[in-house]
Novice: 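There's a structure below that I have some questions on.
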Amino acid sequence: MKILCTVGARPNFMKVAPVLEALRRHGHDAPLVHTGQHYDRKMSEVFFDHLGMPAPDINLGVGSASHAVQTARILEAFEPVLLEHAPRVVLVAGDVNSTIACALVAVKHGIAVAHLEAGLRSGDRSMPEEINRVLTDRISRILLTPSKDADKNLIRENVPKKWIYRVGNAMIDSLFSHIDAARSLGTLEKLGVEEKGFALMTLHRPSNVDEPRVLTRILSAAGEISEEIPVLFPVHPRTRKRINDLKGAKPSERWPNLRMLEPLGYLEFLALQGGAKLVLTDSGGIQEETTALGVPCLTLRENTERPITLSEGTNILVGTDRRRILEEAGKVLGGKAKRGRCPDLWDGDTGERVALLFDQIDAEGLLVADHPTGRIPLE
Ligand code: UD1
């Protein structure tokens, strides 16, 4: 079966890599389209290298722009590629602008959309990703979910149960298959830190970095933590621009142990997550990776679309209040970290389960009757 797979931004690569590998291993024709939403070597190419992922067959080269312009560029550039390839299914992943844009083009041509990581909801419509999630799920026909809470969200939104397939967490496939290689790179030694002797921070959500007061508050909490334990801080390009715009002393001058680094490759970053005493983040994926690794995570947000990392994993929502961040960090550093377990189906076999599902769809087809065009070749 022809399944056109799409990626666009950094968090897509580790999700799609194991699925693409399994689809091709099962004999499906699975070309890969990169929208070019992320384009710097450090935000994109390095992940293909580290994940052993085949180079994209097509790169749309859309680059950065406002949400509207970026999304529009993808819509325009993806359509001729879709028409040329005429796949039976388009696979999109996660919640970035590339996800909704590729899904929208496909569904308007009557081509079924499979959404990897369907059903996650933060309930916070001020997050661009939440809009992307809700809309992508609404127009998807094959909803590939990572956990039971995601199934429940979709059922609550009246998605027919038979469209929902709980396959587990594909990103954790990538984690399990690369963690040993990551640990053998000597990244901690190169950065002069010891196992469990440092904290790791990432920050890139517009709500945290675009507002100088919030950004300053988070940086000063991290700065205070760095007086107890070094804090390694690989800085996203968006965040670096915002920090450069801040008035007053640079954070690294004020707190020499708050160590701002360039964005890291997949393997180096995995090694740091595995070795950290504590992770502070506003990323979605890192909440999941720390849960899988059993590393304490403080999430610098008021909500999460990944509540299973709170109920089963090592994650705690701390928001952006300085006192609260310091209080929870103090508990971890004082040896009272929350323990957790790895959720069901976060087991390294998600790619395989997706490929088996597509084998079945290929053999049996899916329902056409419930689509007005009758062209969605499903069920
Ligand atoms: C995007 C995703 C977000 C994801 C994040 C991971 C959306 C709506 N947001 O946010 O969900 O968590 O990626 O990184 O899709 N830039 C570079 N080099 C690059 C890419 C971006 O320098 O390769 C700079 C550009 O100045 C750009 C800014 O970073 O304006 C933001 O990039 P953009 O893709 O718009 O959003 P992210 O903040 O990365």
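Along the sequence shown, residues carry numbers from 1. Predicted model, so just to flag it, every value in this text is computed and none were measured. As the structure lists them, so they are numbered: ligands from 1, and atoms in each ligand from 1.
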Novice: Identify the protein heavy atom lying closest to atom 2 (C) of ligand 1, giving its residue, its atom name and the separation to 0.1 Å.
Specialist: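 For atom 2 (C) of ligand 1, the nearest protein heavy atom comes out as V96 CG1, 3.7 Å.
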Novice: Indicate yes or no: does R25 engage E352 in a salt bridge with an N to O separation below 4.0 Å.
Specialist: yes
Novice: Looking at D149 and R306, is any side-chain nitrogen of the basic one under 4.0 Å from a carboxylate oxygen of the acidic one?
Specialist: no
Novice: Is the distance between the ring centroids of H178 and Y266 less than 6.0 Å?
Specialist: yes
Novice: Under a 4.0 Å threshold between the charged nitrogen and the carboxylate oxygen, would R322 count as salt-bridged to E224?
Specialist: yes
Novice: To check your reading of the model: name the closest protein heavy atom to atom 36 (O) of ligand 1, its residue, and the distance in Å.
Specialist: R238 NH2, 4.0 Å
Novice: Only heavy atoms of M43, strictly under 4.0 Å: list the atoms of ligand 1 that pass.
Specialist: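 Here the atoms of ligand 1 in question are 14 (O), 19 (C), 23 (O).
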Novice: Within a distance under 4.0 Å of any heavy atom of K241, pick out the atoms of ligand 1 and give their elements.
Specialist: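 It comes down to these atoms of ligand 1: 25 (C), 26 (O).
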Novice: Looking at T136 and V92, what are the two nearest heavy atoms and their distance?
Specialist: CG2-CG2, 3.8 Å
Novice: Counting only heavy atoms, which portion of H38 has something under 4.0 Å from ligand 1: side chain, backbone, both, or neither?
Specialist: both
Novice: What part of P11, side chain, backbone, both or neither, has a heavy atom within less than 4.0 angstrom of ligand 1?
Specialist: side chain
Novice: Any salt bridge linking R238 with D210? Criterion: basic side-chain nitrogen under 4.0 Å from a carboxylate oxygen.
Specialist: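 Result for this pair is yes, salt bridge flagged.
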Novice: Show the atoms of ligand 1 that are less than 4.0 angstrom away from any heavy atom in S64.
Specialist: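 So the atoms of ligand 1 that pass are 16 (N), 21 (C), 25 (C), 27 (C), 30 (O).
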Novice: State the CG-CZ distance between D49 and R41, to the nearest 0.5 angstrom.
Specialist: 5.0 Å
Novice: Could you check whether any side-chain N or O of N12 sits under 3.5 Å from a backbone N or O of V7, counting only pairs where one atom can act as donor and the other as acceptor?
Specialist: no
Novice: So which of R10, H236, H204 gets nearest to atom 4 (C) of ligand 1, if we judge by its closest heavy atom?
Specialist: H204
Novice: Among all protein non-hydrogen atoms, which one is nearest to atom 18 (N) of ligand 1, and what is the separation to 0.1 Å?
Specialist: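 The closest heavy atom on the protein side is D40 OD2, 2.8 Å.
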Novice: How far is atom 24 (C) of ligand 1 from the closest protein heavy atom, and which atom is that?
Specialist: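 Residue, atom and distance for the closest contact: P237 CB, 3.7 Å.
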Novice: Any N or O on E129 sitting closer than 3.5 Å to an N or O of ligand 1?
Specialist: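 Checking ligand 1 against E129, an N or O pair does fall under 3.5 Å apart.
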Novice: Got the closest protein heavy atom to atom 7 (C) of ligand 1, with its distance?
Specialist: Q37 NE2, 3.6 Å
Novice: Please report whether ligand 1 has a polar contact with H67, defined as an N or O pair separated by less than 3.5 Å (distance criterion only).
Specialist: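 N/O-N/O distance under 3.5 Å: no.
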Novice: Looking only at protein heavy atoms, which one is nearest to atom 17 (C) of ligand 1, and what is the separation?
Specialist: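 Sorting protein heavy atoms by distance from atom 17 (C) of ligand 1 puts Y39 OH, 3.3 Å first.
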Novice: Establish, yes or no, whether a centroid distance under 6.0 Å links the rings of F13 and H34.
Specialist: yes
